Amino acid sequence: MEPKTLLVIEDEVAILRFLRSSLEQSGWKVLEAKTGRIGLSLATDNKPDVILLDLGLPDMDGFAVLKALRQWSSVPVIIISARGQEYDKVRGLNIGADDYLTKPFGIPELTARLQVALRHAEHGAQDASPIYKHTGLKVDLATRRVWLRKNEIRLSPLQYGVLAVLVKHAGRVVLHGQLMKEAWGENRDVTPETIRIVVHQLRHKIEPDPVRPRSLKTEAGVGYILEASEGDS
Amino acid sequence: MENEKKLLVIEDEVAILTFLRSSLEESGWEVLEARTARLGLDLAAKAKPDVILLDLGLPDQDGLQTLKALRQWTSAPVIIISARGQEQDKIKGLDGGADDYLTKPFSINELMARLRVAVRHGNQRPEDAPPLYEHAGLKVDLVGRHVWLKKKEIHLSPLQYDLLAVLVRNAGRVVSQSQLMKEVWGETRDVTPELVRITVHQLRHKIEPDPVRPRALKTEPGVGYRLESSDE
């Protein structure tokens with residue numbers, strides 16, 4: 001099994017050390033961020049499988065970090081906090097945390113909750129329904145067919161590959177690096193420019209008005225997002 | 001206004017049931033109650049709740065068993081509510097397929113926040129396979145854990161049943177060997193592809209009229225196994 005990546009956004013060195021030593025033993029790759037700002041940037045660059053977020057960070061309120069994350073990512077977030085007050089728990093869970101663990105906690109419980117988070121992420125990523133539909137665009141991943149307003153359209157293998165990656169992550173931002181990796185595989189010399197060109201070609205085929213895309217949006221400086229499929233609530 | 005969400009509470013303490021009902025109905029939940037595991041499993045299948053709250057100390061069955069039975073056929077979010085606050089219990093519950101674990105006494109506000117999280121997760125989950133499977137004379141009831149071939153009930157070992165249940169949940173789709181190993185045997189390291197083959201072989205002798213020409217449980221060479229889709 002390939003190791004899962006955990007990002008710990010936490011400023012207390014003792015806790016960081018404790019988490020790292022116990023979790024690396026059970027096969028996690030642990031990334032550390034001691035400020036909210038670094039945490040957000042690591043979350044963007046490294047696509048962790050789960051994030052542990054402390055609320056008392058030196059530079060930002062933990063809730064603000066969570067809100068920022070939820071702008072573009074549905075990665076499972078478990079808040080770890082010494083604040084065990086109901087108000088904090090409710091607030092954290094309401095703005096998008098998946099779980100809330102009050103310090104001090106035991107590593108076995110944390111590990112069990114991390115596994116739950118992975119299970120949830122798995123569901124999210126599969127995004128079950130293989131038919132994607134949005135504003136006239138329809139994609140059937142099972143048969144590799146694409147329609148725009150009921151007319152079947154033909155895509156080059158590369159265009160289809162990029163679209164398929166975006167469909168798999170519909171509703172979520174796909175970073176340039178991720179897109180390259182998933183659509184082109186590891187060892188090809190593909191540049192961000194290639195991606196831009198393919199996306200441009202793709203828009204001319206799948207968007208009624210390619211200049212004002214309604215499905216395939218650009219997230220400037222970050223990547224692309226295909227709007228969530230209709231009918232998925 | 002959001003659609004009313006359905007909550008199933010499997011719990012035998014009347015005081016807690018009353019408390020939950022009054023507070024949750026106020027905030028728009030439809031609350032179903034079951035005071036035994038048996039009733040709970042039954043209601044879960046019939047009413048298809050959005051979230052299930054499960055007490056561990058039920059009169060007729062250990063809650064962890066109930067959880068295991070639920071997980072045979074539904075991925076509906078389950079939150080365990082229990083007075084047992086020991087780490088060991090939490091781990092068993094979460095590893096057994098619960099989505100969350102709340103120790104009694106808990107505050108209603110925290111419960112509601114965790115219910116909302118469960119609804120978010122529930123929205124993303126794949127739809128449950130219908131709990132009754134039927135194809136080519138084979139009939140499987142995932143809720144009651146019964147299997148029939150041509151109307152005659154047949155008995156499977158726990159391992160054979162678990163393997164069949166995974167295939168039923170994925171009926172019509174190929175299940176890879178490694179997925180079977182993981183879902184049937186768990187994280188144990190000492191399961192081999194050979195063991196999967198043997199179990200499938202045994203299973204075919206029980207569920208296929210002609211085990212050499214399987215009509216329901218097909219092999220996809222080099223990939224895994226596929227149980228034909230259930231008849232409509």
Side-chain angles (χ1 to χ4, degrees), chain A residues 1-2 26-27 66 70 74-79 83-102 104-131 142 169-172 228-229 231-233, chain B residues 2-3 5 27 50 67 71 75-80 85-103 105-129 169-170 172-174 178-179 181-183 186-187 189:
Chain A
M1 203 173 62
E2 61 186 276
S26 41
L66 178 59
R70 282 290 174 258
S74 62
V75 58
V77 173
I78 303 178
I79 292 179
R83 307 188 203 160
Q85 309 236 316
E86 177 184 85
Y87 170 79
D88 290 308
K89 291 189 187 176
V90 171
R91 177 141 184 245
L93 295 169
N94 279 351
I95 62 180
D98 294 84
D99 207 342
Y100 192 111
L101 211 50
T102 307
F105 49 80
I107 282 292
E109 180 174 357
L110 173 65
T111 310
R113 291 192 181 268
L114 285 172
Q115 293 301 329
V116 173
L118 287 179
R119 288 205 296 269
H120 289 146
E122 217 171 282
H123 285 168
Q126 282 168 356
D127 272 342
S129 78
I131 304 273
H169 302 281
R172 279 168 292 170
S229 186
D232 293 9
S233 47
Chain B
E2 225 178 321
N3 279 352
K5 293 289 179 185
S27 40
D50 297 289
L67 176 63
R71 281 294 174 252
S75 62
V78 172
I79 302 179
I80 292 179
Q86 307 254 308
E87 187 169 71
Q88 211 39 47
D89 291 306
K90 292 188 187 174
I91 290 158
K92 275 190 199 154
L94 296 170
D95 283 350
D99 296 83
D100 207 343
Y101 193 112
L102 213 50
T103 307
F106 49 79
S107 87
I108 200 71
N109 289 327
E110 179 174 356
L111 173 67
M112 285 202 281
R114 291 192 181 266
L115 283 173
R116 280 190 290 268
V117 173
V119 169
R120 286 204 298 267
H121 290 146
N123 284 339
Q124 294 185 325
R125 73 193 175 98
E127 213 171 299
D128 293 333
R169 287 203 295 276
N170 295 285
R173 293 194 296 265
V174 178
S178 58
Q179 194 184 342
M181 292 198 271
K182 197 173 139 198
E183 289 198 36
E187 300 294 338
R189 288 273 154 245

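On a predicted model such as this, the values are computed, not experimentally measured, just so you know. Throughout, a chain's letter reflects where its sequence line sits, starting with A, and its residues are numbered from 1.
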Test item: B:D99 side-chain N/O and A:V116 main-chain N/O as donor-acceptor pair under 3.5 Å: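 Not a single qualifying donor-acceptor pair exists.
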Any donor-acceptor N/O pair, A:R70 side chain to A:G96 backbone, under 3.5 Å: yes
Partner chain B: residue of A:G106, A:P108, A:S74 with the largest heavy-atom pair count (under 4.5 Å):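 Max contact count across the listed options: A:P108.
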Side chain, backbone, both or neither: which part of [X] has a non-hydrogen atom closer than 4.5 Å to chain B?
X: A:V90; value: both
X: A:E86; value: side chain
X: A:F105; value: neither
X: A:A97; value: backbone

Residue selection (most heavy-atom pairs with chain A, distance under 4.5 Å) from B:R116, B:K90, B:E87, B:Q88: B:E87
Residue, of B:S107, B:P77, B:S178, that accumulates the most heavy atom pairs under 4.5 Å with chain A: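 When all of B:S107, B:P77, B:S178 are compared, B:S107 has the most.
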Qualifying residues under salt bridge (charged side-chain N to carboxylate O under 4.0 Å, His left out), relative to A:D99, sequence neighbours excluded: A:R113, B:R114
Chain A contact via B:A98 - which portion, at a heavy-atom distance below 4.5 Å: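 Only the backbone of B:A98 comes within 4.5 Å of chain A.
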Neighbour count >12 (heavy atoms, 6.0 Å) for atom CD, B:Q179: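 Atom CD in B:Q179 is crowded, with more than 12 foreign heavy atoms closer than 6.0 Å.
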For the student: nearest non-hydrogen atoms of A:A117 and A:P76, plus distance: O-CG, 3.5 Å
Check against side-chain contact (heavy atoms from CB on, under 4.5 Å), A:R83 and A:Y100: CA-CA 10 Å; A:R83 307 188 203 160; A:Y100 192 111; 3.9 Å; yes
